[in-house]
Protein chains: 2
Amino acid sequence: MNIHDIAKIAGVSKSTVSRYLNGGSISQRTRDKIDKVVKETGYAPNQFAQSLKAKRTQMIGVIVPRLNSFASNETLLGIETYLRQQHHQTIIVNTDLDVTLEINALYSLAKNKVDGILLFATQITDEHLKAFDTIATPVILVGQSYRGLHSIVQNDYEAGLAIGEYFGKTSLSRIAYLGVGEYDKAVGIHRKNGVLEGLKHFNKVADDYETTFKLSDAKERAKQLLSAYDAVICATDNIALGVLKAAYDLDIKVPEQLSISGFGGYETTSIVTPMITTVAFPYQRTGKCAAASMLALLEGKDIPYLQRMDFQIIEKESVDIY
Amino acid sequence: MNIHDIAKIAGVSKSTVSRYLNGGSISQRTRDKIDKVVKETGYAPNQFAQSLKAKRTQMIGVIVPRLNSFASNETLLGIETYLRQQHHQTIIVNTDLDVTLEINALYSLAKNKVDGILLFATQITDEHLKAFDTIATPVILVGQSYRGLHSIVQNDYEAGLAIGEYFGKTSLSRIAYLGVGEYDKAVGIHRKNGVLEGLKHFNKVADDYETTFKLSDAKERAKQLLSAYDAVICATDNIALGVLKAAYDLDIKVPEQLSISGFGGYETTSIVTPMITTVAFPYQRTGKCAAASMLALLEGKDIPYLQRMDFQIIEKESVDIY
DNA sequence: CTGTTAGCGCCTTCAG
DNA sequence: CTGAAGGCGCTAACAG
């Protein structure tokens, strides 16, 4: 069942049907005729034939480093929801934190002629830049920023600052910061700098330790140093949960003997008892914003190169996000 | 840069290049020539032009009811990983638990000419059956089974049985089962029946209550009935977490005064303290199995109509999944 | 407002 | 083994 068949049945020409499909000017009578035939046959135009001409596929590619992280999934939810409403398809590619796969995904999505690519970046290498250059597909970075590329990021520095000041105001003085490597600019640098600066406003300092994004790594790292502190500020909620488990294993009471905080606003931090203070990032809205920015870009509109989302401190015991 | 350009540069005809691309018989010399040009230009054939003829798109559609559930995400991870390895793209459509959107998604993916559809079903209505019939695209059900349709499910009944017997063996006697509606056959019926049967083997019974999949609903429901029981078997881990929070609010000690169990093997249940006994379903493997079954189906291979995954009981405090 | 006519980029007979 | 020619389903001028 193709445009030709419909045209024949309706007694008009292919191009008239095409116009019908694409909102060209058509008399009410022929419109009704075609309408009827389309309804009866359940005809739907072949997307590939359409794409072949139109060069627009209504597909947006999304490259995510992992598919089992709260942040990714929530952001993805925001993206998919918005795109679906705007009649676009979401193609996802998971890279399992493998940079090579990430580069491949860029080329492969471009070859699939997606209209645009949303890249949940961790770091931007020369290979990335080369890929952006080679493929003619517009790319928007999510979660990291890079000069000259469209980026949507969490307000890591300000969020860090807020948490830093939050702890600054308390009477706690032996403070550790448990962060991640600086290869991740957003989390490893901006977030940390914010925290340290915030503490500084209250004439406090934190000892600076490093771990990975994995809960188990954080837990092991924490075990070595927990006894020396009465507060641990963690770079992510996941790390904070690792610290919490470590405290539990070492029989250190939270929050009586140790205060813990994270970043992210993961569901879990509100479930664990005691609750952990955290900064909630608006991941779903971030996703929506990214998707909307992409569609705007594709329509030739100007969008700012850097967009920062807002955030919110969730103090322990003060809210239940359900 | 299209097949014509390549042909011109290589000094051969379009059809020769086409054969080169599709493994037709070609002399070594011309193959080398074309090879060189393709490498130099970075030419990649237009997928849409290909699909227009070939009718195979190397794309698999996945319809999920939610994008913020551990089970969905893990299964999705399994699917995406496998498909990527097999050089297929994953298109996801989230339906937000809306049946109408689910039906739409079926038609829309078919129109997008995906090679196959993996449907995370909750219920199968007449509209579903009609859609399956109308679209010529193969569909595999994930998580629910339906007579005459290819399905991959968790072994809900046996898992329920195992948990039932697990509690049967204990000295606990005042037992509640907190489940979901029977519209969900897998969880609402099979899982429950298993539990009740397992308890029966030890001459025990459970009072049967109903809630939704939402943690907050479960929490509220639990508050009303917790005081009367010393064990609550929950249909999902999410529900179990709701019950745990309710117990916390009511100052009921877990596990001293109340035992709680769930189904799913969510990360969270191993983080909360005390840990909750749960049945771990192999979601990632389920996803991989679903994807592999689909590709097998598309190659014309025979696959069983019903495939059941295995499961594993995780007793509280006995493991740390990290 | 409508029909005719070229392609879009690729694949696939069919000759040579 | 290779080239020419037609067509996949649709869109976009260009005439009427």
Side-chain angles (χ1 to χ4, degrees), chain A residues 1-38 41-59 87 89 107-108 110-115 135-137, chain B residues 1-38 41-59 87 107-115 135-137:
Chain A
M1 205 38 80
N2 62 25
I3 202 173
H4 182 240
D5 300 321
I6 303 299
K8 217 166 46 183
I9 300 178
V12 296
S13 79
K14 288 196 312 176
S15 28
T16 306
V17 177
S18 177
R19 269 189 286 270
Y20 161 89
L21 256 18
N22 299 288
S25 53
I26 277 192
S27 76
Q28 192 55 48
R29 282 195 52 236
T30 46
R31 176 182 305 284
D32 291 341
K33 271 196 301 190
I34 300 177
D35 221 40
K36 187 151 161 283
V37 178
V38 167
T41 59
Y43 162 77
N46 181 311
Q47 298 252 328
F48 297 103
Q50 279 184 321
S51 307
L52 193 54
K53 291 294 292 191
K55 307 288 192 191
R56 286 284 297 262
T57 61
Q58 312 283 89
M59 291 179 179
H87 307 288
Q89 300 278 165
Y107 289 110
S108 136
K111 179 174 149 190
N112 270 279
K113 294 276 188 295
V114 296
D115 292 341
I135 68 181
T137 317
Chain B
M1 206 34 85
N2 62 25
I3 201 173
H4 181 241
D5 300 321
I6 303 299
K8 218 165 44 183
I9 300 177
V12 296
S13 79
K14 288 196 310 177
S15 23
T16 305
V17 177
S18 178
R19 269 189 285 271
Y20 161 88
L21 255 19
N22 299 287
S25 53
I26 276 190
S27 76
Q28 192 56 49
R29 283 195 50 238
T30 46
R31 175 183 309 283
D32 291 341
K33 270 196 303 191
I34 300 177
D35 222 40
K36 185 151 163 284
V37 178
V38 168
T41 59
Y43 163 76
N46 180 313
Q47 298 251 325
F48 298 101
Q50 280 183 318
S51 306
L52 195 55
K53 297 288 294 188
K55 308 290 190 192
R56 284 285 296 262
T57 60
Q58 312 284 90
M59 289 180 179
H87 307 288
Y107 289 110
S108 136
L109 285 173
K111 179 174 146 189
N112 269 280
K113 294 276 187 295
V114 296
D115 292 341
I135 67 181
T137 317

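Sequence lines set the chain letters: A, B, ... in the order given, protein chains first and strands last, and positions in each chain run from 1. Just so you know, these numbers use all the heavy atoms, side chains as well, and skip hydrogens, waters and symmetry mates.
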Say whether, by atom type as modelled, one donor and one acceptor occur between the side chain of [X] and the main chain of [Y] under 3.5 angstrom.
X: A:Asp5; Y: A:Asn2; answer: yes
X: A:Asn112; Y: A:Val114; answer: no
X: B:Ser51; Y: B:Thr57; answer: no

Q: Answer with base, sugar-phosphate or nothing: what part of the nucleic acid does B:Val17 contact at a heavy-atom distance below 4.0 Å?
A: nothing
Nearest whole angstrom, please: distance from the [atom2] of [N] to the [atom1] of [X].
X: B:Gln58; N: C:dC10; atom1: CD; atom2: P; value: 16 Å
X: A:Ile3; N: C:dC8; atom1: CD1; atom2: C1'; value: 14 Å
X: B:Met1; N: C:dG9; atom1: CE; atom2: P; value: 12 Å
X: A:Lys14; N: C:dT2; atom1: NZ; atom2: C1'; value: 15 Å
X: A:Tyr20; N: C:dC1; atom1: OH; atom2: P; value: 16 Å
X: B:Asp5; N: C:dC8; atom1: CG; atom2: P; value: 10 Å

Measuring from atom [atom1] of [X] to atom [atom2] of [Y], what distance do you get when rounded to the nearest 0.5 angstrom?
X: A:Thr16; Y: A:Ile6; atom1: OG1; atom2: CD1; result: 13.0 Å
X: B:Ile34; Y: B:Arg29; atom1: CD1; atom2: CZ; result: 11.5 Å
X: B:Leu109; Y: A:Gln89; atom1: CG; atom2: CD; result: 5.5 Å

Q: Show your working on side chain to side chain contact (heavy atoms under 4.5 Å, CB included) between B:Lys14 and B:Val17 and close with a plain yes or no.
A: CA-CA 5 Å; B:Lys14 288 196 310 177; B:Val17 177; 5.8 Å; no
(Q) Going 5' to 3' along DNA chain D, between which two nucleotides do contacts with chain B fall, using a heavy-atom cut-off of 4.0 Å? (A) D:dC1 to D:dG9
(Q) Please list, in numerical order, the residues of residues 26-34 of chain B that have a heavy atom closer than 4.0 Å to any atom of DNA chain C. (A) none
(Q) For A:Met59 and B:Met59: C-alpha separation, side-chain torsions, deciding distance, then whether side chain to side chain contact (heavy atoms under 4.5 Å, CB included) applies. (A) CA-CA 12 Å; A:Met59 291 179 179; B:Met59 289 180 179; 4.2 Å; yes
Q: Apply the test side chain to side chain contact (heavy atoms under 4.5 Å, CB included) to residues B:Ser18 and B:Leu21: give CA-CA distance (whole Å), side-chain angles for both, the deciding distance (0.1 Å), then the verdict.
A: CA-CA 5 Å; B:Ser18 178; B:Leu21 255 19; 5.5 Å; no
Q. Under 4.0 Å: is that the gap between some side-chain N or O of A:Ser15 and OP1 or OP2 of C:dT2?
A. no
Q | Side-chain N,O (B:Tyr43) to OP1/OP2 (C:dC10) below 4.0 Å | A | yes
Q) Start at the 5' end of DNA chain C and walk down; is the nucleotide closest to B:Ala44 or to B:Arg19 reached first? A) B:Ala44
